[in-house]
> 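Please see the structure below; I have some questions.
Only heavy atoms go into these numbers, but all of them, side chains included; no hydrogens, no water, no symmetry mates. This structure is a prediction, so every number in the text was calculated from the model and none was measured. First the proteins, then the strands, lettered A, B, ... as listed; each starts at 1.
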Amino acid sequence: MNIETPTAKLTPNDYASDQELRWCPGCGDYAIIKGVHKALADLQLPLEKTVFISGIGCAARFPYYMATYGFHTIHGRAPAIATGTKLANPELDVWVVMGDGDCLSIGGNHTLHAIRRNVDLQLLMFNNEIYGLTKGQYSPTSKVGTRSPSTPQGSIDSPVNACVFALGAGGRFVARTVDTNLKHLPEVLKSAHAHKGASFVEILQNCIVYNDGVFNDITDKTVASDRQIMVEHGKPLVFGKDGKKGLRLKPGLFELEVVTVGENGITDKDILVHDQKNKILATMLASMEDAPFPVAMGVLYCNPAEISYEAAVWKQTAEIVAKAGEVDLNKMLRRGNTWTAA
Amino acid sequence: MNIETPTAKLTPNDYASDQELRWCPGCGDYAIIKGVHKALADLQLPLEKTVFISGIGCAARFPYYMATYGFHTIHGRAPAIATGTKLANPELDVWVVMGDGDCLSIGGNHTLHAIRRNVDLQLLMFNNEIYGLTKGQYSPTSKVGTRSPSTPQGSIDSPVNACVFALGAGGRFVARTVDTNLKHLPEVLKSAHAHKGASFVEILQNCIVYNDGVFNDITDKTVASDRQIMVEHGKPLVFGKDGKKGLRLKPGLFELEVVTVGENGITDKDILVHDQKNKILATMLASMEDAPFPVAMGVLYCNPAEISYEAAVWKQTAEIVAKAGEVDLNKMLRRGNTWTAA
Amino acid sequence: MATKLAESERSEPRRRSLESVVIRFAGDSGDGMQLTGTQFTQTTALMGNDIATFPDFPAEIRAPAGTTFGVSAFQINFASYDIMTPGDAPDVLVAMNPAALKVHLKDVPKGGTVLVNTGAFNERNLQKAGYKANPLEDNTLTDHRLIAVDMSKLTLKAVEPLGLNQRDGLRCKNVWALGLMLWMYGRDREPAIKWIKGRFTKEPKIADANIAALNAGHAYGETAEISGSMTAFAVAKAKSVPGVYRAVTGTEAIAWGLVVGAQKAGLKLFLGSYPITPASALLHTLANLKPYGVTTFQAEDEISAVCSAIGASYAGQLGITSSSGPGVALKTEAIGLAFATELPLIVVNNQRGGPSTGLPTKTEQSDLYQSVFGRNADTPLPVVATCTAGDCFYTAIEAVRIASKYMTPVILLTDGYLANAAEPWLIPNVDDIPDFKVTFRTDPEGFHPYLRDEKTLARNWAVPGTPGLMHRIGGIEKDYDTGHISYESDNHHRMTKVRAERVANIANDIPLQTVAHGTERGKLAVVGWGSTFGAINQAVRRSREAGLDVSHIHIRHIFPLPRNLGELLKGYDKVLVPEMNNGQLVTLLRATYLVDCESMTQISGQPYKVTDLEAAIRARVEK
Amino acid sequence: MATKLAESERSEPRRRSLESVVIRFAGDSGDGMQLTGTQFTQTTALMGNDIATFPDFPAEIRAPAGTTFGVSAFQINFASYDIMTPGDAPDVLVAMNPAALKVHLKDVPKGGTVLVNTGAFNERNLQKAGYKANPLEDNTLTDHRLIAVDMSKLTLKAVEPLGLNQRDGLRCKNVWALGLMLWMYGRDREPAIKWIKGRFTKEPKIADANIAALNAGHAYGETAEISGSMTAFAVAKAKSVPGVYRAVTGTEAIAWGLVVGAQKAGLKLFLGSYPITPASALLHTLANLKPYGVTTFQAEDEISAVCSAIGASYAGQLGITSSSGPGVALKTEAIGLAFATELPLIVVNNQRGGPSTGLPTKTEQSDLYQSVFGRNADTPLPVVATCTAGDCFYTAIEAVRIASKYMTPVILLTDGYLANAAEPWLIPNVDDIPDFKVTFRTDPEGFHPYLRDEKTLARNWAVPGTPGLMHRIGGIEKDYDTGHISYESDNHHRMTKVRAERVANIANDIPLQTVAHGTERGKLAVVGWGSTFGAINQAVRRSREAGLDVSHIHIRHIFPLPRNLGELLKGYDKVLVPEMNNGQLVTLLRATYLVDCESMTQISGQPYKVTDLEAAIRARVEK
Ligand SMILES: Cc1ncc(C[n+]2csc(CCOP(=O)(O)OP(=O)(O)O)c2C)c(N)n1
Ligand SMILES: Cc1ncc(C[n+]2csc(CCOP(=O)(O)OP(=O)(O)O)c2C)c(N)n1
Ligand code: SF4
Ligand code: SF4
Ligand SMILES: [Mg+2]
Ligand SMILES: [Mg+2]
């Protein structure tokens with residue numbers, strides 16, 4: 001076991017444990033951990049106050065490779081365990097790492113309630129749209145028709161959109177990024193960290209062995225600029241090589257449409273401006289999946305509550321304790337009716 | 001065990017079993033079962049082809065009181081069991097009865113996936129915002145500050161909005177009604193039944209013992225018309241005693257506002273018309289909770305898929321079977337490399 | 001238990017003195033029988049009698065009025081001597097309606113007293129209860145002392161001045177009955193009146209009405225007595241160890257035990273739980289003890305409940321989770337994680353009737369198999385079981401000691417009967433209880449997370465937040481010497497053995513098995529565990545008084561078993577193991593000691609009757 | 001197993017004949033060792049040798065190249081006689097890189113052959129493997145027959161004409177090694193070539209490259225032999241029962257057994273499952289058998305998986321769910337519901353190393369406790385265990401028979417070793433297997449859902465959709481006579497007893513326990529269950545050949561146990577129970593029969609070695 005001692009300034013490498021990474025060569029997880037190291041170094045998070053908690057899966061091996069505290073738990077339960085850890089010690093900075101199956105299949109209920117309660121956790125979901133560690137079965141995020149060992153003739157059930165689900169669960173911070181975008185990913189993680197409450201981040205991740213290239217139609221250099229829109233609060237929702245494409249509300253309807261500035265009378269003013277506090281807009285953005293729509297990347301929604309769950313619990317307890325004043329276990333046992341036998 | 005034999009025309013009472021109802025006197029469940037009997041009688045559903053599957057809770061006692069087939073299962077798992085039943089025999093008309101805890105607390109994951117997969121089930125959630133059968137602990141739908149045996153100083157976590165959750169889960173039929181509205185409830189149930197796929201119905205239900213009057217501010221005769229809006233596809237979204245109040249989109253914003261026709265220049269044209277196929281509108285309507293907004297009742301969203309999950313499964317299997325042609329178990333065992341020992 | 005009558009000088013004039021009485025209050029779920037019983041209990045306890053109670057209610061919250069399945073009952077046994085059970089049969093049955101009479105009359109022995117509220121014996125109720133004819137008028141009760149009173153009418157009359165509506169007025173009739181019973185056994189009204197005032201502070205009118213009803217019931221007794229139609233009794237104080245006492249239920253005692261235990265370990269207490277009958281009461285009780293370093297978390301399900309507790313233990317608190325059989329079943333996989341990561345965790349299982357939903361409000365002790373064997377892989381866990389309401393306090397502390405000292409999940413077994421039953425409890429001085437402070441690892445020198453204490457074999461506990469001790473743990477097998485994950489075959493064998501040895505060693509750190517009553521060898525040992533303690537002990541006492549060679553062994557540490565138990569059992573010709581299940585502890589004893597223990601079973605959701613146990617004993621030692 | 005050398009007339013000239021050989025292929029997870037081994041197995045099976053295999057791979061999908069924890073291995077034992085295990089130690093180790101050599105050399109006995117790919121023995125790989133010096137150059141291998149070949153280079157040369165890039169070219173080196181091994185033991189290349197073509201239909205270039213590599217490896221052997229640097233061997237056909245054979249793995253056999261069983265019961269098969277290693281393969285296999293009346297459903301978690309299966313059984317299909325220990329743990333509560341509602345259900349537990357996540361890809365048989373005892377309340381279930389790949393077929397059918405005839409969940413135990421291991425299998429004629437058709441209730445006359453068959457005590461099965469039989473079932477206790485919910489105490493006792501009796505009675509409907517090898521009484525009985533069958537049987541045979549008085553008893557029906565087992569065990573002076581766990585069956589046997597069975601444990605994630613068992617036997621019967 002390696003004993004790290006905090007140095008003056010922590011570099012990204014200081015956040016890496018001494019354990020050799022065991023992901024498949026070329027796995028998107030390699031890029032993600034790089035991005036995480038960078039984000040943590042940018043924030044200079046103290047190693048001993050940072051905890052990574054994961055479920056089971058390839059993604060969930062993450063904690064072993066971090067020089068922070070880490071807990072590799074059981075499949076689907078990381079958000080529940082992290083809730084207990086955060087409630088027990090709000091001082092800790094708790095990051096939860098889950099695969100799409102971990103987070104939305106077996107873990108769906110805990111993810112829902114961690115989000116609903118608004119526990120101050122960073123909930124990172126590595127979405128490779130497949131079960132990696134169990135050798136490639138389809139997952140709840142797999143596209144319809146996915147052929148996998150458990151669906152040799154193609155999957156039938158429609159996938160869940162992780163960000164839309166998180167918003168429906170009452171999420172107050174919902175964001176999306178891509179494994180290999182090492183400029184974007186650390187920034188999103190830092191925003192997630194800044195948000196006090198449950199921060200849900202979907203990270204599109206390529207599984208080179210069982211689902212290679214599933215995101216190519218979005219991430220491939222040739223198409224990325226047309227198929228991704230980088231949303232930023234207060235900035236117009238534009239995309240495309242030359243940034244001329246944009247999103248606007250179909251007149252009179254609750255529907256977005258893709259328009260091009262300069263074409264049939266569209267001007268900059270027609271383009272929507274991103275408001276990260278608007279849940280309905282966030283829902284629309286999160287829902288965009290198929291061309292001609294781009295897939296929305298960045299902080300789709302960030303609308304912090306007055307107080308996060310664990311903070312509120314500690315506040316209430318503090319009030320109760322104050323009200324109770326001096327307590328004593330012997331008094332506790334003697335509250336109410338008692339009598340004395342001589 | 002009573003043996004019912006289908007008669008020419010079934011009356012609502014024909015759907016009642018011979019078992020005495022064991023809910024508390026005055027419980028909203030009495031009204032609901034009346035409404036269910038009426039809906040089934042209106043549809044003349046054959047008793048032997050109808051199955052009620054429930055979890056555990058006061059609500060979940062429902063099947064015992066129906067003259068149909070019934071399965072009172074375990075807490076939170078009714079959607080999963082119903083999925084198996086429907087997959088095994090799509091001919092059956094499967095209704096799932098759950099309390100709010102059953103459906104959204106312990107059962108949240110199964111509800112999510114039954115909805116996502118779009119299994120042709122009627123998912124009825126009796127929402128009394130409390131755990132009835134376990135004597136009154138708060139539930140995931142309880143308002144913040146709910147004092148209960150497990151939260152003596154008031155609950156802290158923000159509740160989940162059942163209909164918004166169902167929409168976020170990818171629900172294609174989402175509706176809401178009230179236990180005591182015996183005109184409205186059967187109609188909503190009939191629409192749910194008509195929808196081929198997962199139909200989620202939230203039924204506000206009064207628990208007279210542990211949460212009495214929690215919906216009074218919506219259901220009380222004196223306020224009902226101002227605090228409830230009965231949405232109907234293609235009809236303007238109006239409410240209020242004189243039907244003069246209405247909903248419109250705040251100009252240029254993604255927000256609804258309550259307006260009054262005739263006041264400061266508002267005319268009928270300004271009022272939104274309900275489009276049950278518009279998910280964003282449905283999300284906005286489902287989200288309305290606090291005055292001045294009314295709570296939306298009726299079919300908020302109904303946008304059927306081409307085919308429901310179990311139907312697609314059977315279709316795919318039929319294709320595979322057809323492709324395979326004559327099958328024979330002895331052939332199955334001899335597929336691939338074999339050799340003969342003399 | 002037969003009621004012994006005898007003139008006695010101790011009792012005030014005109015009261016016939018009894019040594020013990022068993023009263024059963026029975027009525028509709030809505031009639032408030034549980035409250036009535038609880039009040040009578042409180043008062044009786046305050047008067048220094050020994051008491052034992054047995055609440056028995058339906059699974060429905062408020063089943064329809066007048067139905068037999070809606071009947072709720074509360075039995076109390078109080079005496080001037082040391083009693084251990086709520087009594088086999090009631091001396092007095094208070095039946096608030098025909099259904100209550102229908103359900104409970106069969107338990108009242110010949111000559112027993114039956115007090116009925118004639119006001120409820122109308123056509124509809126009689127028919128709902130399934131009576132063809134009115135049992136008060138035919139010869140149904142010829143063998144009993146019937147006291148027929150129209151409590152409904154008298155109650156309404158009593159509360160009339162307060163101008164309540166009929167419904168609220170009638171609500172007070174249970175208190176009227178309480179008043180009469182208080183008179184009949186010479187108990188003060190003060191505690192009850194105090195309680196009524198406290199309960200209805202917000203509705204003074206209701207409070208007054210209840211007090212009026214209470215007094216009316218009491219007065220009715222006095223006048224009736226003068227007219228000679230009723231007799232008053234007295235039950236003298238029980239002689240008990242000097243000290244301060246209170247009435248306590250198993251649930252309260254467990255809650256307090258856990259709080260005291262956590263404090264002795266120097267840990268904050270975290271309860272992650274999901275409501276379930278009859279375990280919810282522990283969540284409710286601890287939720288009111290936040291000032292004592294307690295956090296309670298109502299999780300979305302049992303899995304989240306146990307996982308949040310594991311997360312809290314990981315962070316350095318004492319993680320506890322509580323449920324009943326079906327809920328504990330859901331926690332199985334996570335308990336395996338706590339075992340593999342060697343974190344302290346207490347799983348309180350408040351057993352109820354099974355399988356599946358079973359009989360949620362009835363008691364049973366059928367989760368021993370699940371507790372001892374019910375996990376995948378080689379996952380032995382310490383299991384301790386409570387035996388009386390008061391013992392719940394000490395067994396809970398023992399569970400905390402083992403969990404925190406040995407870094408292991410511990411299963412704490414109790415049951416629905418103990419959870420609700422009340423008994424007088426000699427309140428200990430907390431300062432006299434030895435503490436067992438946990439020391440967290442802080443020294444980075446040579447640290448790895450699976451370094452073990454030579455003696456206990458417990459791994460060192462380094463809590464997140466500690467500088468220099470950053471490490472990772474998880475459910476994958478780890479290397480014995482470095483704590484890193486390891487798939488190496490010999491290492492897995494070694495780790496499996498050390499995990500098992502760690503738990504087995506606890507046998508050296510618990511008291512040797514003693515004999516609860518009787519001798520260390522002989523013809524017959526009756527071996528029990530859990531809430532059957534009182535009934536077995538009582539039965540063995542009586543059998544020995546009757547000259548039978550029988551002894552009582554009560555096992556608190558189910559796993560590991562006490563070192564000397566095998567030798568002890570071999571000292572008897574026969575071993576009988578009565579359980580409220582289909583035979584579970586008996587399997588463990590036979591496998592461990594190859595002793596031919598005989599199983600005796602009662603799976604009725606009801607506590608054992610002393611007489612049934614006496615018969616079983618006699619059948620085995622006589623001739 | 002020592003390799004016996006001997007000139008033999010049966011063998012073609014120039015090939016030295018062997019009776020049995022153990023080859024172990026070892027390389028990077030990415031090197032395709034499992035495919036290589038499987039192909040060698042298929043070919044060898046086709047040539048009529050008896051075979052047994054043991055795949056052994058890491059939990060990571062593709063751990064980084066060159067690391068020791070990334071090494072994947074496949075061992076095959078083939079012979080001209082009846083073998084039952086993959087062999088204790090390899091005669092030939094094929095090491096594709098230094099890490100493979102590092103991990104596996106220790107298992108190769110003195111004089112054993114080691115074939116290494118020198119092309120992978122570069123600085124980086126040596127260091128990754130933790131070699132200070134190159135083991136090919138120092139005296140690491142002096143005790144072994146080293147065959148050092150630069151397979152990388154030769155493979156690239158062979159595929160050069162096809163113009164693949166370096167990476168794809170090197171991918172073929174495992175096939176080159178396969179070619180050489182095929183030559184060395186005189187196996188045809190045809191099956192392998194056929195398989196290659198089938199596998200790469202879409203990439204003909206890759207196919208050709210692999211074929212080229214295969215032929216090159218083969219040719220290398222021939223030329224090397226001429227130069228005298230290598231010897232070719234022959235292993236004659238094994239004499240086996242006449243009939244049609246195939247190679248089968250436990251997973252395939254279970255899948256086919258369940259399908260055939262369902263057809264014999266006249267039910268459609270529904271599998272509700274959630275992926276987990278090593279159980280997923282059953283889901284995959286059944287997903288490809290839809291034409292045979294199979295529906296497979298990948299649920300969102302294990303709870304949904306078992307619940308969907310229960311829902312399917314409720315609707316009249318045969319509900320099956322499959323998982324491994326941790327997943328089965330999650331199913332516990334729902335299994336209780338299936339037990340309480342008395343619905344047929346098969347729970348396939350493919351055991352793996354635990355506790356918790358443990359050693360997911362290693363084998364273990366540590367879920368016996370969970371299977372027999374691991375539920376809340378009194379919930380006894382039939383438990384059957386498979387013992388060989390071929391036996392999986394018949395045991396699966398037996399599980400279906402019991403579940404459908406007795407209306408109960410059945411636990412079918414297998415393990416990771418059996419799931420993946422392959423053996424030759426005499427394919428039965430399905431028509432010869434007796435059927436056990438289920439009859440659904442259709443007659444409303446006197447129906448209630450808990451009406452029982454006098455003989456089996458199974459309740460009648462009325463399926464939704466049946467006119468006139470509408471009824472409700474659930475987890476709450478029900479009345480014995482009406483099927484309505486009942487909290488009545490005597491009824492609960494009665495129901496608990498009848499549920500237990502129903503399962504206990506199955507003992508009268510299963511074969512009596514026989515002796516797998518040896519005599520019905522004697523000095524020592526070695527009692528096993530599950531996949532240790534082959535090793536124990538082999539060890540007992542050899543010990544008896546060596547003149548020791550020892551017999552082998554193999555238990556297939558774990559619960560209820562065969563009626564005569566107790567008597568049988570009492571016929572031996574000693575009983576030894578070897579298990580791949582910390583001692584579980586031994587507890588059940590001791591408790592049931594009070595026989596002093598001795599536990600022998602190996603919890604290493606590896607199958608037993610025959611020699612270790614022989615030693616254990618000798619230690620107990622000699623002197
Ligand atoms: C209780 C339980 N069920 C199932 C498994 C098997 N399992 C391990 S990881 C996994 C899913 C992996 O997919 P995902 O969560 O998307 O993570 P990935 O490997 O793709 O990163 C499954 C089903 C398990 N370990 N535990
Ligand atoms: C596995 C399990 N956990 C917990 C319980 C206890 N339990 C029964 S019903 C219930 C919740 C009841 O609330 P809800 O689902 O809202 O139904 P309601 O009674 O309000 O109609 C709980 C926690 C149980 N029976 N099984
Ligand atoms: S299987 Fe896929 S997700 Fe898992 S490590 Fe390999 S590439 Fe990454
Ligand atoms: S407790 Fe509430 S929900 Fe349950 S039956 Fe009574 S009133 Fe209805
Ligand atoms: Mg994944
Ligand atoms: Mg509720």
> Measure the acute angle between the ring planes of Phe62(B) and Trp23(B), then classify it against the limits of 30° and 60° as parallel, tilted or perpendicular.
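If you compare the ring of Phe62(B) with that of Trp23(B), the planes turn out tilted.
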> Can you say whether the rings of Tyr69(B) and His471(D) are parallel (under 30°), tilted (30 to 60°) or perpendicular (over 60°)?
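Perpendicular, since the angle between the ring planes exceeds 60°.
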> Restricting to non-hydrogen atoms, name the atom on Pro79(B) and the atom on Ala114(B) that form the minimum distance, rounded to 0.1 Å.
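So the minimum-distance heavy-atom pair works out to CB-CB, 4.1 Å.
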> Taking the six-membered ring of Tyr64(B), is NZ or CZ of Arg472(D) closer than 6.0 Å to its centre and within 45° of its axis?
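Checked: cation-pi criterion not met.
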> Using a cut-off of under 4.5 Å for heavy-atom pairs, which of Ala334(D), Gly243(D), Gly474(D) has the most such pairs with chain B?
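Counting heavy-atom pairs under 4.5 Å, the top option is Gly243(D).
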> Among the options Pro428(D), Ala462(D), Gly293(D), pick out the one with the most heavy-atom pairs lying under 4.5 Å from chain B.
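Highest number of heavy-atom pairs under 4.5 Å: Pro428(D).
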> Inspect the surroundings of NZ in Lys34(B) and state if more than 12 heavy atoms from other residues, nucleotides or ligands are less than 6.0 Å away.
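It does not: Lys34(B) NZ has 12 such atoms or fewer within range.
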> Supply the atom-to-atom distance Asp431(D) CG to Asn330(B) CG, rounded to the nearest 0.5 angstrom.
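Going from CG on Asp431(D) over to CG on Asn330(B), the span is 5.0 Å.
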> Return the option, out of Ser308(D), Ala238(D), Pro464(D), with the maximum number of heavy-atom pairs under 4.5 Å with chain B.
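Ranked by contacts with chain B, first place is Pro464(D).
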> Relative to chain D, which of Gly70(B), Ala322(B), Ala80(B) shows the most heavy atom pairs under 4.5 Å?
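Ranked by contacts with chain D, first place is Gly70(B).
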> Select all residues of residues 39-47 of chain D having any heavy atom within less than 4.5 Å of some heavy atom of chain B, and report them by number, or 'none'.
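If one takes a 4.5 Å heavy-atom cut-off, the residues of residues 39-47 of chain D near chain B are Gln42(D), Ala45(D), Leu46(D).
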> Any idea which of Arg77(B), His75(B), Lys86(B), Lys49(B) has the most non-hydrogen atom pairs under 4.5 angstrom with chain D?
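Greatest number of close heavy-atom pairs with chain D: Arg77(B).
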> Would you name the heavy atoms of Glu302(D) and Lys331(D) that are closest together and state the gap between them?
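In this case the closest contact between Glu302(D) and Lys331(D) is O-NZ, 3.2 Å.
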> Looking at Val260(D), Ile303(D), Leu289(D), Val241(D), which one has more heavy-atom pairs under 4.5 Å with chain B than the rest?
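Of the options given, most contacts go to Ile303(D).
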> Among the options Ile476(D), Ile427(D), Leu426(D), Val244(D), pick out the one with the most heavy-atom pairs lying under 4.5 Å from chain B.
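Ranked by heavy-atom pairs under 4.5 Å with chain B, first place is Ile427(D).
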> Heavy-atom count around Lys323(B) NZ within 6.0 Å, excluding the residue itself: above 12?
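No.
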> Might you point out which heavy atoms bring Ala59(B) and Val97(B) nearest each other, and give the distance in Å?
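Smallest heavy-atom distance, with atoms named: O-CG1, 3.6 Å.
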> Give the member of Asn109(B), Asn89(B), Val321(B), Val94(B) that has the highest number of heavy-atom pairs under 4.5 Å with chain D.
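Maximum pair count with chain D is reached by Asn109(B).
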> Please determine, by modelled atom types, if Tyr15(B) and Thr50(B) share a side-chain donor-acceptor pair under 3.5 angstrom.
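Not at all, the side chains of Tyr15(B) and Thr50(B) share no donor-acceptor pair under 3.5 Å.
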